[in-house]
Amino acid sequence: MGAYDNYLREQRESQNPFSSSQEIRKTGSDHGETKKPERIKSLGRFLSRPFNFFTGKQGSFERHVGLRESVGLLVGVTIGSGIFSSPGFVVQYVGSPGAALLVWLGCGLISLAGGLCYAELGSALPFTGGETVYLERTFGRMTAFLYVWVSALLARPASVALSALVFADYCCRLRWSVGTHPYYSMEGIAFAAIGSLCVVQLTSTWLSAKLISTLTIGKMVLVAAICLMGIVDQLILENDTGQLAYPQSFNNTSTVPGNWVLAFANCMFSFNGWNSLNLAAAEIREPAVTIPLAIPLSLLIVTVSYLWINIAYFTSMPMDVISGTQSVATTFSNLVVGKIFTKFITAGVALSAFATCNGSLFAGAQAVRESGRTRILPSIFSYELQICGRNPTPAAALIIQSIVSCLLIVILENFETLVRVYVWTQWLFYSLTIVALVVLRWSEPDLERPYSVWMMVPVIFILFSVFIVIVLFFISPATCSIAVAVLVMGLPVYALQIRHLKKVGLVWVTDESKEESVPLLVAELDSTPKQSLGHKLV
């Protein structure tokens, strides 16, 4: 058993896994000497100091997340705005209710496969950081940098933009009927939502965290209400369109592979978030046990909820009403409970999308700030602003992400195009992360793995995700080329960043033997505030 494996065991048993990870060497120019490397402490978190999302305060670190909290976290993150906007597009592409239910079930299963693979990675490397940690350890710093770069400038802003568009669509339904809202009203409402959330989060981290916890509770109540409406309509009122009777349920099913890929893309957007638990792995008690249990349980809850909501739609509304409708929840509630209660459901969905938008912007800004603070990204991303409260807010990250989100809405124009860019980008790196699992099995067979997934599971996931990425690119080459362009732009930025670090006297040192270093990319120098990584070391 190597020293590195002993270190992992000690970190799993300790209450504070944040000890030294890598080293930043200060290169000296005097007499050609190289100064002794200074030890650093790992961040391994979205925030350099532990952050309580319910109090909005920094505090001391402890592993406080158990199985119940982990399941709640995953369910709350995964169930977002997608389920209220994607069902109509899934039906539009596959052409029949039976095929649509198969797509939702298939996405649940493939998400479960990915989640089980992430469970192995999270239990073997129980450090916060998710994909950044696994990609850096397997493929090197440049691959991890490109992931963080694309996430900061495309994936996370696209997620914010999508939620803002869903919010705007349901707000328009409160005032106007379908297709009668003024030109550019949706874009204006989406811009206003992003701008207001940016101002709130610039003002107070505590307030934005309170907003997240409050609106998340409302979102879960809304999902439960829609499921209950479906039960009442089908079992008590005995309303049934007969569309789910076999074999009629598969009539007019599309035989075009590209349509199925687009249907899966919309469905995958609704399931996005199944990987979130690994981003907080260092906070989880007994991660080797909790993560493999929490992921299947949470995905079971999410998949059953999504299937039941879709079944409720199909038993209450004809196909031509559902197909292509972005605000399908409003149409459904109008048929089941009438116009008066529909206003409450529509407002609830709008607030749910607003909560998702707020959470995406909040988490993205925190991650981007830490990437800038630890010099993964250029230091401009780490600039902060303190208006009120004790904790400074990630001003640069918030402003950059808000601007990019608005630009994506203007450039890509509609919900469907944004979904394709977002899904293509995310699943490209999901597949690369699962490839990292396979590579680690071969390159580090002695790495302690408290939980190991059957090898066919990552193979199936990789084949599926690669197929989706390739076909989606051929279906929408211009749209997906935006993601490719952002990815390519990251290469010179990475080269300039490394050059700048060397110029100011910082050089990343990684022990190739893996005997002394810990596989964490995110790190901060042990120093006084004036000597943080955001400034030149003297």
Side-chain angles (χ1 to χ4, degrees), residues 74-75 77-115 162 166 219 222-224 226-227 229-231 234 241 243-246 248-254 256-275 295-319 321-329 331-332 349 352 356 415-416 419-420 422-423 426-427 430 460-461 464-465 467-468 472:
L74 271 179
V75 172
V77 171
T78 304
I79 298 180
S81 56
I83 186 58
F84 304 118
S85 54
S86 293
F89 295 109
V90 174
V91 173
Q92 180 182 21
Y93 288 120
V94 295
S96 68
L101 291 179
L102 286 181
V103 170
W104 286 97
L105 178 61
C107 275
L109 293 176
I110 200 65
S111 298
L112 176 61
L162 283 166
V166 176
K219 176 174 64 177
L222 177 66
V223 170
I226 294 178
C227 291
M229 287 165 56
I231 294 174
Q234 186 175 5
T241 60
Q243 295 178 129
L244 293 180
Y246 183 82
Q248 296 94 318
S249 58
F250 288 92
N251 289 344
N252 302 317
T253 299
S254 175
V256 180
N259 287 342
W260 282 80
V261 169
L262 291 174
F264 268 100
N266 278 274
C267 195
M268 282 187 235
F269 166 63
S270 300
F271 273 93
N272 193 62
W274 53 264
N275 63 321
I295 291 176
L297 285 174
S298 59
L299 284 173
L300 176 64
I301 295 172
V302 171
T303 303
V304 170
S305 299
Y306 284 1
L307 286 173
W308 184 251
I309 289 174
N310 278 273
I311 289 172
Y313 290 161
F314 292 131
T315 56
S316 302
M317 298 181 290
M319 280 285 295
V321 174
I322 302 174
S323 181
T325 302
Q326 186 173 327
S327 51
V328 63
T331 307
F332 169 71
V349 175
S352 173
T356 305
F415 179 85
E416 268 287 272
V419 166
R420 296 178 190 183
Y422 178 70
V423 169
Q426 288 289 83
W427 281 77
Y430 286 160
I460 292 173
F461 184 91
F464 174 84
S465 55
F467 174 77
I468 291 292
L472 196 57

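Just so you know, these numbers use all the heavy atoms, side chains as well, and skip hydrogens, waters and symmetry mates.
- Of all heavy-atom pairs spanning Met319 and Gln243, the tightest one is N-OE1, 2.8 Å.
- Residue Phe467 places its CZ atom among 12 or fewer non-hydrogen atoms of other residues, nucleotides or ligands, all under 6.0 Å distant.
- The number of heavy-atom neighbours closer than 6.0 Å to CG of Asn251, taken from other residues, nucleotides and ligands shown, is above 12.
- Partners of Pro296 by side-chain contact (heavy atoms from CB on, under 4.5 Å), not counting sequence neighbours, listed by chain and number: Leu112, Leu116.
- A donor-acceptor contact shorter than 3.5 Å links the side chain of Trp260 to the backbone of Ser254.
- Here the closest non-hydrogen pair linking Ser298 and Leu74 is OG-CD1, 3.1 Å.
- Atom-to-atom distance recorded for Ile79:CD1 and Leu222:CG is 10.5 Å, nearest 0.5 angstrom.
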- Message: Please evaluate residues Met317 and Val328 with respect to the criterion side-chain contact (heavy atoms from CB on, under 4.5 Å), reporting the C-alpha separation (whole Å), side-chain torsions for both, the decisive distance (0.1 Å), and the verdict.
- Response: CA-CA 10 Å; Met317 298 181 290; Val328 63; 3.8 Å; yes

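- Counting only residues at least two apart or in different chains, side chain to side chain donor-acceptor pair (under 3.5 Å) contacts with residues 96-107 comprise Ser96-Thr253, Trp104-Asn310.
- Here Val304 pairs with Leu300 under the side-chain contact (heavy atoms from CB on, under 4.5 Å) rule; sequence neighbours left out.
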Name the atoms and distances for all side-chain donor-acceptor pairs under 3.5 Å in residues 262-271, with sequence neighbours left out.
unit_1 : atom_1 : unit_2 : atom_2 : d
Asn266 : ND2    : Leu262 : O      : 2.9
Asn266 : ND2    : Glu416 : OE2    : 2.9
Ser270 : OG     : Gly82  : O      : 3.2
Ser270 : OG     : Ser86  : OG     : 3.4

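- Contact check for Ile468 versus Val261: side-chain heavy atoms found under the 4.5 Å cut-off.
- Scanning for side chain to side chain donor-acceptor pair (under 3.5 Å) contacts around Thr78 gives an empty result, with sequence neighbours left out.
- Contacts classified as ring-ring contact (aromatic ring centres under 6.0 Å, His included) and involving residues 77-102 (residues at least two apart or in different chains) are given here: Phe89-Phe415.
- When every heavy atom of Val91 is checked against every heavy atom of Ala100, the shortest pair comes out as CG2-CB, 4.0 Å.
- Minimum interatomic distance between Ala329 and Ile226 (heavy atoms only, all atoms of both residues): CB-CD1, 4.4 Å.
- For the pair Ile322 and Phe332, the minimum side-chain heavy-atom distance is 4.5 Å or more.
- Residues satisfying the side-chain contact (heavy atoms from CB on, under 4.5 Å) test with Leu244, not counting sequence neighbours, are Pro97, Leu101, Ile311, Phe314, Thr315.
- For Ile301, the side-chain contact (heavy atoms from CB on, under 4.5 Å) partners are Val71, Val75, Ser305, not counting sequence neighbours.
- Not counting sequence neighbours, the partners of Tyr430 by the ring pair (Phe, Tyr, Trp, His ring centres under 6.0 Å) test are Trp274, Trp427.
- The distance from the CG atom of Leu299 to the SG atom of Cys107 is 11.5 Å, given to the nearest 0.5 Å.
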